[in-house]
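To keep things clear, I will list the structure first and then write my remarks on it.
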Amino acid sequence: MRKVVLVTGASSGVGLALCKRLLEEDDELHVCLACRNVGKAEAVRGALLASHPAAEVSVVQVDVCSLQSVLRAAGELKQRFQRLDYVYLNAGIMPNPQLNIKALFSGLFSRKVIHIFSTAEGLLTQEDRVTADGLQEVFETNIFGHFILIRELEPLLCHSDRPSRLIWTSSRNARRSNFHLEDIQHRRGQEPYSSSKYAIDLLSVALNRNFNRRGLYSSVVCPGTMVTNLTCGILPPFLWTLLLPIIWLIRFFANAFTLTPDNGAEALVWLFHQKPESLNPLTKYLSATTGFGSNYVTTQRMDLDEDTAEQLYQNLLELEKQVRVTIQKNK
Ligand SMILES: NC(=O)c1ccc[n+]([C@@H]2O[C@H](COP(=O)([O-])OP(=O)(O)OC[C@H]3O[C@@H](n4cnc5c(N)ncnc54)[C@H](OP(=O)(O)O)[C@@H]3O)[C@@H](O)[C@H]2O)c1
């Protein structure tokens, strides 16, 4: 039986690069592209099949920022598949990012310059908004829509014979100080992206605690800083091009500048090959690229505690109950 890999946000960036790289390694896979834009997804499907005719590639339409869409997509997946071996929870947004120029210049002259540029710590704020579901857009897209998706897909993910895997695209920008249990959607702050990525790290830990005995394992990765549609919101493409020579130089000191989605996919592909039982649930796997352009995977112990992880998980379950009641009422 072919292994089935579901990838959200497979229409561009690191999600698309991941699909290509996985099929280069194993063209017997069934890769299911979970994308909001069917036109883009069909174009990707055509290109993947043209280079890997033995593979199976399918599309499921899902907007992870709409709970109706997530529930419909999950229903469709349950009809199509008996099990999912890997789910890459990768779709993500950073809307209207603003670069803090003052922090940028003070960062340039600080002793933590490499750290600041590798993690964008304190450099970026975003403007969030409320979605049709009444949730914060960054929270719903980056974490909550995915959470509902995996809750719905539990029957395809929990099996006693062999484990299934969840692999979340988090970030080095996930910071404890930007996340608050009493404001998990980050309604009151200015760094919803960092908060949502920290929430992903916590959730992954809680999922391992609650689901490992049922054969489901979760991991988090950071793909590094890449030039993708997401980062072109921070600086326009021409500025990235101008900065590239400097960034290449910085790469001799800071391995987080993976720059291309293909490099950024390194940790996502590496995890595909690992036995989940051998992985530490408190570790984040980071794609890294050397100054000479070689890719490798490095690790970081996540800055979190398991009680907070469990509390976030319980809060998400509570929020899920509330939104399901609202969805029922509006039917
Ligand atoms: N770029 C970086 O430096 C960097 C660093 C650390 C982490 N990451 C993370 O990497 C992941 C992929 O980002 P990327 O850099 O590859 O950017 P990207 O090229 O913009 O890819 C984002 C993907 O997410 C999809 N998406 C966005 N909102 C969605 C929604 N509501 N429903 C379904 N799909 C949605 C996009 O679909 P459309 O094509 O329809 O827009 C696209 O396929 C994100 O989680 C991001 O936070 C990126």
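Note that ligands are numbered from 1 as they come in the structure, with each ligand's atoms numbered from 1 the same way. In what follows, residues are counted from 1 in the order of the sequence shown.
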Q: State if Gly224 counts as touching ligand 1 under the rule of any non-hydrogen atom under 4.0 Å.
A: yes
Q. Who's closest to atom 44 (C) of ligand 1 heavy-atom-wise, of Val44, Val14, Asn90, Ile93?
A. Asn90
Q | Option nearest atom 17 (O) of ligand 1 (shortest heavy-atom distance, choices Leu33, Thr228, Val62) | A | Thr228
Q: State if Thr8 counts as touching ligand 1 under the rule of any non-hydrogen atom under 4.0 Å.
A: no
Q: Of the side chain and backbone of Lys197, name the one, both, or neither that has a heavy atom under 4.0 Å from an atom of ligand 1.
A: side chain
Q.
Students should be able to answer this: which protein heavy-atom is nearest to atom 41 (O) of ligand 1, and at what distance?
A. Arg36 NH2, 2.8 Å
Q) Is the closest basic N to carboxylate O distance between Glu266 and Arg21 below 4.0 Å? A) yes
Q. Do the side chains of Glu127 and Pro95 get nearer than 4.5 Å, heavy atoms only?
A. no
Q: Specify side chain, backbone, both or neither for Thr141, according to which of its non-hydrogen atoms lie closer than 4.0 Å to ligand 1.
A: side chain
Q. Below 4.0 Å from any atom of ligand 1, is there a heavy atom belonging to Pro261?
A. no
Q. Is it the case that Glu310 and Asn210 place a side-chain donor and acceptor less than 3.5 Å from each other?
A. yes
Q | Which segment of Asp63 sits under 4.0 Å of ligand 1 when only heavy atoms are counted | A | both
Q) What is the closest protein heavy atom to atom 3 (O) of ligand 1, and at what distance does it sit? A) Met226 N, 2.9 Å
Q. Ring centroid separation for Tyr217 and Phe211, is it under 6.0 angstrom?
A. no
Q. Can you find a heavy atom in the side chain of Glu152 that is under 4.5 Å from one in the side chain of Lys78?
A. yes
Q) Heavy atom under 4.0 Å from ligand 1: found in Lys40's side chain, backbone, both, or neither? A) side chain
Q. Mind checking whether Ser11 has an N or O less than 3.5 Å away from an N or O of ligand 1?
A. yes
Q: Look at atom 47 (O) of ligand 1 and say which protein heavy atom is nearest, naming residue and atom and giving the distance to 0.1 Å.
A: Tyr193 OH, 2.6 Å
Q.
Among all the protein's non-hydrogen atoms, which is closest to atom 10 (O) of ligand 1, and how far away is it?
A. Thr169 CG2, 3.3 Å
Q. Taking only heavy atoms of Cys65, which atoms of ligand 1 are found under 4.0 Å from at least one of them?
A. 31 (N)
(Q) Within ligand 1, which atoms have a heavy atom of Pro223 less than 4.0 Å away? (A) 6 (C), 7 (C), 8 (N)
Q. Can you find a heavy atom in the side chain of Glu154 that is under 4.5 Å from one in the side chain of Arg214?
A. yes
Q. Is there a heavy atom of Glu140 sitting under 4.0 angstrom from any atom of ligand 1?
A. no
Q | Residue Gly92 vicinity, atoms of ligand 1 by number, heavy atom under 4.0 Å | A | 22 (C), 24 (O), 27 (C), 44 (C), 45 (O)
Q: Could you please spell out the steps behind the side-chain contact (heavy atoms from CB on, under 4.5 Å) verdict for Leu304 and Tyr198?
A: CA-CA 9 Å; Leu304 49 75; Tyr198 189 78; 3.3 Å; yes
Q.
Would you say Asn263 and Thr258 are linked by a side-chain donor-acceptor pair, where the criterion is simply a distance under 3.5 Å?
A. no
Q.
Just to check, does Ser170 reach to within less than 4.0 Å of ligand 1 when the distance is taken from its heavy atoms?
A. yes
Q. So which of Ala91, Ser12, Gly15 gets nearest to atom 35 (C) of ligand 1, if we judge by its closest heavy atom?
A. Ala91
Q) What's the verdict on ring-ring contact (aromatic ring centres under 6.0 Å, His included) for Phe81 and His30, showing C-alpha distance, side-chain angles and the deciding distance? A) CA-CA 11 Å; Phe81 298 107; His30 183 145; 5.1 Å; yes
Q. What are the atoms of ligand 1, with element, lying closer than 4.0 Å to any heavy atom of Thr225?
A. 3 (O)
**Q.** From CA spacing to verdict: side-chain contact (heavy atoms from CB on, under 4.5 Å), Val205, Glu306
**A.** CA-CA 7 Å; Val205 169; Glu306 295 190 45; 4.0 Å; yes
Check residues 96-104 and write down every donor-acceptor pair under 3.5 Å in which the side-chain atom is one partner and the other belongs to a residue at least two apart or another chain.
from, atom 1, to, atom 2, distance (Å)
Gln98, NE2, Asn96, O, 3.4
Asn100, OD1, Lys102, N, 3.2
Asn100, OD1, Ala103, N, 3.0

(Q) We want to know whether Ser164 and His159 form a side-chain donor-acceptor pair, criterion being a heavy-atom distance below 3.5 angstrom. (A) no
Q. Can any side-chain N or O of Thr141 pair as donor or acceptor with the backbone N or O of Gly92 at less than 3.5 Å?
A. no
